[in-house]
Amino acid sequence: MASPTILQLGDPRLRQVAQPVGDVRSPEVQALIDQLLVTVSAKSGVGIAAPQIAQALQIMIVASHPSPRYPQAPEMAPMAMINPQIVEMGGDRIFGWEGCLSVPDQRGFVPRYGKVTIAYTDRQGLGQTIVFQDFLARIFQHEYDHFQGILFPDRVESPEHLISEAAYQEMIQKPVA
Ligand code: ZN
C-alpha cells in the first residue's frame, strides 16, 4: 500500500474540525485505518490523526516506540482509536518536547496533562476505556488536538519554546552533568 501524502503546516485542511465516524466496520473506514497505520510506521511516527491525510474524521493511531525522534518513548503495539472522548483529564500539566509529521523540522515545548481517561471505539467497533499517562497521554492530547484543527505550535507559551529539530537533537545528545 502506498503511503498517502501528509498535509503540511499551512494547508487549511489541517484546520478543519474532524467529524465522528459512523460505521467503524465499513470497508472505507477499515481501509483508512490501514492507511494511517502504514503511514505512521513508514514515517516512524508515534501517532497520526486522519486529518493529517486529508480525512476530517475522528480516527487516530497511537504508536509509541523508541526512535531517534523520541528516544525515551515506551514501546507498544500501534492502536487505532475512533471517536475518542475525554472522560477525565488531570494530573499536573507537564512540559515536554513535541514534533509533528505535519510540522517538519520543528519542536515545541508543550504543556500537557499527565493523565487522561479516554472512552473510544476500537477498529472492531467495540467500546473501550483506557487510561493513558505521561508520554502516551501526551501523544493522545496531541492527536486529539488535530481533530479540532489545533497544531502544537499553537500550544507553546513562549517564543523560545519553538526550536529546530537540529537544535533539539543537539540538546538531547548533550550528556547530563
Ligand atoms: Zn501531529
Side-chain angles (χ1 to χ4, degrees), residues 3-21 32-86 89 93-114 116 118 120 123 130 132-159 161-169 172:
S3 276
T5 304
I6 298 177
L7 303 185
Q8 302 292 288
L9 179 65
D11 192 306
R13 291 171 290 179
L14 284 170
R15 299 303 190 173
Q16 287 179 309
V17 174
Q19 301 304 310
V21 173
L32 178 53
I33 293 167
D34 287 334
Q35 271 195 324
L36 287 165
L37 286 165
V38 166
T39 306
V40 75
S41 160
K43 303 289 182 189
S44 294
V46 295
I48 193 168
Q52 293 180 271
I53 60 166
Q55 300 290 327
L57 290 168
Q58 294 176 11
I59 305 173
M60 70 167 75
I61 308 294
V62 177
S64 178
H65 65 280
S67 72
R69 297 178 73 237
Y70 298 100
Q72 309 302 327
E75 184 85 47
M76 67 181 284
M79 191 175 152
M81 305 178 85
I82 298 115
N83 301 339
Q85 301 287 324
I86 295 168
M89 193 146 67
R93 275 195 342 152
I94 302 161
F95 280 83
W97 290 97
E98 278 179 31
C100 179
L101 297 175
S102 294
V103 187
D105 303 322
Q106 285 190 50
R107 290 283 180 153
F109 200 47
V110 179
R112 301 286 188 189
Y113 288 97
V116 57
I118 305 144
Y120 68 99
R123 73 174 299 174
I130 196 165
F132 280 159
Q133 297 196 66
D134 304 322
F135 191 64
L136 297 187
R138 174 173 300 281
I139 296 172
F140 175 81
Q141 289 164 78
H142 175 115
E143 304 309 336
Y144 191 80
D145 271 355
H146 278 297
F147 295 163
Q148 331 300 325
I150 298 167
L151 299 168
F152 81 79
D154 308 341
R155 295 276 189 200
V156 301
E157 296 187 348
S158 173
H161 290 173
L162 199 55
I163 67 173
S164 70
E165 178 71 23
Y168 171 75
Q169 286 297 332
I172 63 173

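Read the numbers this way: they start at 1 and go in the same order the structure lists the ligands and their atoms. Values in this document were obtained by computation on a predicted structure and should not be read as measured data. The residues of the chain are indexed from 1 along the displayed sequence.
Between Tyr168 and Trp97, the ring planes lie tilted relative to each other; the angle falls in the 30° to 60° range. Using cut-offs of 30° and 60° on the angle between ring planes, the pair Phe109 and His161 is perpendicular.
With Phe95 as the aromatic partner, Arg155 does not meet the cation-pi criteria of under 6.0 angstrom to the ring centre and within 45 degrees of the ring axis.
Under 4.0 Å is where a charged nitrogen must lie from a carboxylate oxygen, and between Arg112 and Glu98 at least one such pair does.
With Arg15 contributing its side chain and Gly149 its backbone, the two residues share a donor-acceptor pair below 3.5 Å. Using a distance-only test at 3.5 Å, with no hydrogens or angles considered, no donor-acceptor pair links the side chain of Asp11 to the main chain of Gln8.
Any protein N/O/S atom under 2.8 Å from the Zn ion (ligand 1) was counted, giving 3 altogether.
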